[in-house]
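Just so we're on the same page: letters track the sequence lines, and every chain starts at 1. Note that the structure is a prediction, hence the values are computed from the model and not measured.
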Amino acid sequence: MSDFPFLSVLTVAPLVGALVVVFLPRSRPELAKQVALGWSVLVLALSAVMWVTWQTGGDRFQFRESYPWIPNWGVNFTFAADGIALVMLMLIAVLVPLVILASWHDADASKRSVPVYFALLLVLECTMIGVFAAADVFLFYVFFEVMLVPMYFLIGSYGGHQRQYAAVKFFLYSLVGGLFMLAAVIGLWVVGGKTFDWQALSQVDITTGTERWLFLGFFLAFAIKAPFFPFHTWLPDAGGAAPAGAAALLVGVLDKVGTFGILRYCLPLFPDAAKWFAPWALALGVIGIIYAALLAVGQNDLKRLVSYTSIAHFGFIGVGIFAFTTQAGTGAVLYMVNHGLATGLLFLVVGMLIARRGSALISDFGGAGKLVPVLAGVLFFAGLASLALPGTAPFVSEFLVLIGTFTVNKPVAVIATLGIVLAAAYVLWMVQRTTQGTLNPALTEVEGMRRDLNLREKVVVAPLIALIVLLGFYPKPVIDVINPAVQATMQDIDRTDPAPSVGNVQEASR
Amino acid sequence: MNELQLPSIDYGALAPTLIMLGAALLGVLVEAFVPRRHRHLVQLSLALLAVLAALTFVVLGADDRLITIGGAIAVDGPTLFLQGAILVLAAMALLLIGDRTVERGGYFVAQAAVTAESAEDRRQAEAQNGTTEVYPLTTFAIGGMLIFVAANDLLTMFIALEVFSLPLYLLCALARRRRLLSQEAAMKYFLLGAYASAFFLFGVALIYGFTAGTPGRPAGVDFATVNAAVAESPASPVLLFGGMALLSIGLLFKAAAAPFHVWTPDVYQGAPTPVTGFMAACTKVAAFGALLRVFHVAFDGARWDFTPVLGVVAVLTMLIGAVLAVTQTDIKRLLAYSSIANAGYLLVGVLAPNSEGISGTMFYLVAYGFSVLAAFAVVTLVRDADGEATHLSRWAGLGRRSPFYAGVFTFILLAFAGIPLTSGFMSKVAVFGPALDGGQAWLVIAGVLTSMVLAFPYLRVVVLMWLSEPGESTPTVTVPGGLTSAALMIGVIATLVLGVVPGPLLDLTTGAAEFVR
């Protein structure tokens, strides 16, 4: 079973689904939705088989496949997954069907084609899977850039207020990072002996100056993507304008490409530069945690608020990565998964609230819990998960990051802890102003606010809640997958000059 | 006494050029003897057949590597590849030029000599079929370009330059609508082009003087002599530098590189759109083919002298093209500035001191040619009662009115912006890679930075088409006839295929990247 080409099939499958969906007649939108949902569930099933097939404690990279693409430049379709990529692939496979289900009526209101909306979601899934599954730097770059196109149209065509501005800003910011990375990718190809293969490139020794420039090229792209302070300004706009489902994918998965890229490319390929830049990266992370949390407290727009909380969380992930301990690194990767679940849930629930009220402003709510108690309860839960309450999954990861960081860098850990306090402030205050307190009389006049969660919406939130609680109490299966990959990454960094012989490296990667 | 020896002529290797020039002469006869109502069909068929025949000979002679007619013409890998590229792109351009369904009677005026904007002029714009002299003119231009990329000495190159430039000046003046704009464009192009040719010729003279002192060789302007002179001539390098500079001005003018680019937006805007497409695709191939040959064959030894200067020109070109593209409000002018910026990226490939640079530049030329012809094909389709609606505000909401063509144009714009899975991305990698490999990192950085700026105008058009609401004045897209559809589809499919499987064309360019001396 392990010979099955999981990764390439997983990448191509959603694309085929998208082609099917887009050619369905425009007059039968329900059919398009059902096909899209069915297709994404199929992808989920396949990923579940892959998860079972994964050999914990086996090779660092599994499911490797390679086919020639552009022989003149040494470009191959090489796919391989390590533990970090595997958990991210699972996260995508879980989130996409839920997002499709949650977005069931999102496209109806707009004047645009409904099948195209779901086709775009499937194309997005294809590129997201591809970017995590690629083990060829060129292939990774291709997915990294192409990913922008479906997201651009999701925001620009189906988004809310200020969607044009947000879509263009999103595209340009990402493109700027991507082009710097393109220069670095080509540079890496030149110094690496004209190959794009990750395995081969990770053996190459680069002179210090070149290494730092290449690191910067990659890091800038990933820092914009993640986003880290001060490259974050596009996210609140994009997150605020995107339809809730697309926003959940944007923050839940797309942005993880940035942190994933740092772990997969910046650290192993440029270990010395990574160590040299680490203090700066840590500083950006810490500033992000505090600054974004403060801004989140001040937001009056629900989706923008959630976007700012994400920036704060990405600060935590950044700190975890650049602390360079296995504990903190594992915590950071686990955080990537948990944040996808928790913030994904939060975005979807907030989307449900906004769809009912017809407004995203917190001041338009007030005491909503009296009208829609179940929805308010889920919002409260999602908020608690987001502030990393013990018992929810994010707590485990945040705790791992903090203790992992504390052992090597006490001041950073202490300041980062302040972020937890601020998290409580922005989440609880938001929940209080929307669902608690006296009922806003304007709410009772809104037709939508009288409907609590229906069956479809319950099916959307139930798996996420279950996963958050489950991973909060028993994160071991995920940690077992992540830990060896993070350990291997940390060993990549500690590789000392001069160049190790091939034998040493094989030993180190074990 | 020396006997006068006739140079040996390899007619097989010259066949493509001879066919095109012969067809052009035949076209002149057709104008004289074929009845008016048959001329369009006869001329178009003649031109297309000639292109196909020439292309056949290029393919048949793909393995030729020789220098013929007394050293005037070099037939080698780059020559054959670039001739093939020019012919393929010219065939597409001819399809656009020959279309008479989109604009009734064709894009060209019936009688160019009628006073612009007069009553007579309006009548001919409404009712009469366009002139058919455009076909022999185009064929002459193609023939000149074929010689231009094959020229093995500077004088042949100059003659070829004139052979393909003069018809182009005329073609620019023949637009059916907006006659004054068209005539102004032609005038501007002609005057500046004449200056550029003069510079070129003066450069040739200086180079001739420079070669005079080479030991053991007579003076001359063939590339082998120049190359030897660069290495050994005791003459002052001032002659060499002056000659190189003046030659470059002539060539960079045709390539639309800054600061010799000022004609480009006006001419691209004023010329009939199919001719604009022809210039943007084929003239670029010809100009860069000549630049490659001059700098890789003749002046190879002076690489360290010209690279910094041309590098500055490349950076300036990219910068000016990208920054000024941002401010444009007319789609044809926007594409003109984009073409200027692309000339900058192509120069990066020319300056890469290795054969990968040559093959990358050639790949870029072909990929860009296909995309830009497709782009101008779409421009011909977006029109209202007064002809093409080129002002950007008129394109708002086009995606709603005509999703298919808006989608096609979006795809081409993404290719221009260098998004992966389009030929635009592959061609950027194809020129940046060798440049970085050759130690020209600063050019690559400049290329990347300007690409960011350039992405904005493209994106603005995408936003206009898809995310804006259609206004009262949003024109519909004319459903094109077979010719334009064919050209458009070829361009779009090539843009996609070269972006997904660039391997075969890269093999071809890599195999063709060796010049003969």
Colleague: Counting heavy-atom pairs closer than 4.5 Å to chain B, which one of Val142(A), Val185(A), Val191(A), Leu182(A) comes out on top?
Modeller: Val142(A)
Colleague: Could you tell me which non-hydrogen atom of Pro502(B) sits nearest to which non-hydrogen atom of Ile70(A), and how far apart they are?
Modeller: CG-CD1, 3.4 Å
Colleague: Against chain B, label Phe143(A) side chain, backbone, both or neither, depending on which of its atoms sit under 4.5 Å from a heavy atom there.
Modeller: neither
Colleague: Check whether any side-chain heavy atom of Asp437(B) sits under 4.5 Å from a side-chain heavy atom of Lys194(A), and report yes or no.
Modeller: yes
Colleague: Quick one: which of Trp189(A), Trp69(A), Phe180(A), Trp73(A) has the most heavy-atom pairs under 4.5 Å with chain B, could you say?
Modeller: Trp73(A)
Colleague: Heavy-atom distance under 4.5 Å to chain A: side chain of Arg460(B), backbone, both or neither?
Modeller: neither
Colleague: With a 4.5 angstrom heavy-atom cut-off, could you sort out which part of Thr422(B) is near chain A: side chain, backbone, both or neither?
Modeller: neither
Colleague: In this structure, which one of Val462(B), Val463(B), Ile419(B) forms a side-chain contact (heavy atoms from CB on, under 4.5 Å) with Phe171(A)?
Modeller: Ile419(B)
Colleague: If I measure from the heavy atoms of chain B, does Trp213(A) come under 4.5 Å with its side chain, its backbone, both, or neither?
Modeller: neither
Colleague: To the nearest 0.5 angstrom, please state how far the CG atom of Leu179(A) sits from the OG1 atom of Thr450(B).
Modeller: 9.0 Å
Colleague: For residues Ala455(B) and Leu172(A), report the shortest heavy-atom separation together with the two atoms involved.
Modeller: CB-CD2, 4.2 Å
Colleague: Find the distance between CG (Leu459(B)) and NZ (Lys169(A)) and round it off to the nearest 0.5 Å.
Modeller: 14.0 Å
Colleague: Between Asn72(A) and Phe363(B), is there a side-chain heavy-atom distance shorter than 4.5 Å?
Modeller: no
Colleague: Any idea which of Ala417(B), Ala430(B), Ala441(B), Gly447(B) has the most non-hydrogen atom pairs under 4.5 angstrom with chain A?
Modeller: Ala430(B)
Colleague: At a heavy-atom distance under 4.5 Å, which candidate from Ser359(B), Gly503(B), Pro504(B) has the highest pair count against chain A?
Modeller: Gly503(B)
Colleague: Give the member of Val448(B), Thr410(B), Leu414(B) that has the highest number of heavy-atom pairs under 4.5 Å with chain A.
Modeller: Val448(B)
Colleague: Does a side-chain heavy-atom distance below 4.5 Å link Phe456(B) with Leu175(A)?
Modeller: no
Colleague: Heavy atoms only, distances under 4.5 angstrom: which of Val453(B), Asp507(B), Val501(B) has the most pairs with chain A? Name it, please.
Modeller: Asp507(B)
Colleague: Take atom OH of Tyr67(A) as the centre, draw a 6.0 Å sphere, and report whether it contains more than 12 heavy atoms from other residues, nucleotides or ligands.
Modeller: yes
Colleague: Where on Val149(A) is there a heavy atom nearer than 4.5 Å to chain B: the side chain, the backbone, both, or neither?
Modeller: side chain
Colleague: Let's test your reading of the structure: which of Pro403(B), Pro420(B), Gly399(B) forms the most heavy-atom pairs below 4.5 Å with chain A?
Modeller: Pro420(B)
Colleague: Name the region of Phe144(A), side chain, backbone, both or neither, that has any atom closer than 4.5 Å to a heavy atom of chain B.
Modeller: neither
Colleague: Ring-plane angle category for Phe425(B) and Tyr141(A), please: parallel below 30°, perpendicular beyond 60°, tilted otherwise.
Modeller: parallel
Colleague: For chain A, which of Leu436(B), Val444(B), Thr510(B) has the most heavy-atom pairs under 4.5 Å?
Modeller: Leu436(B)
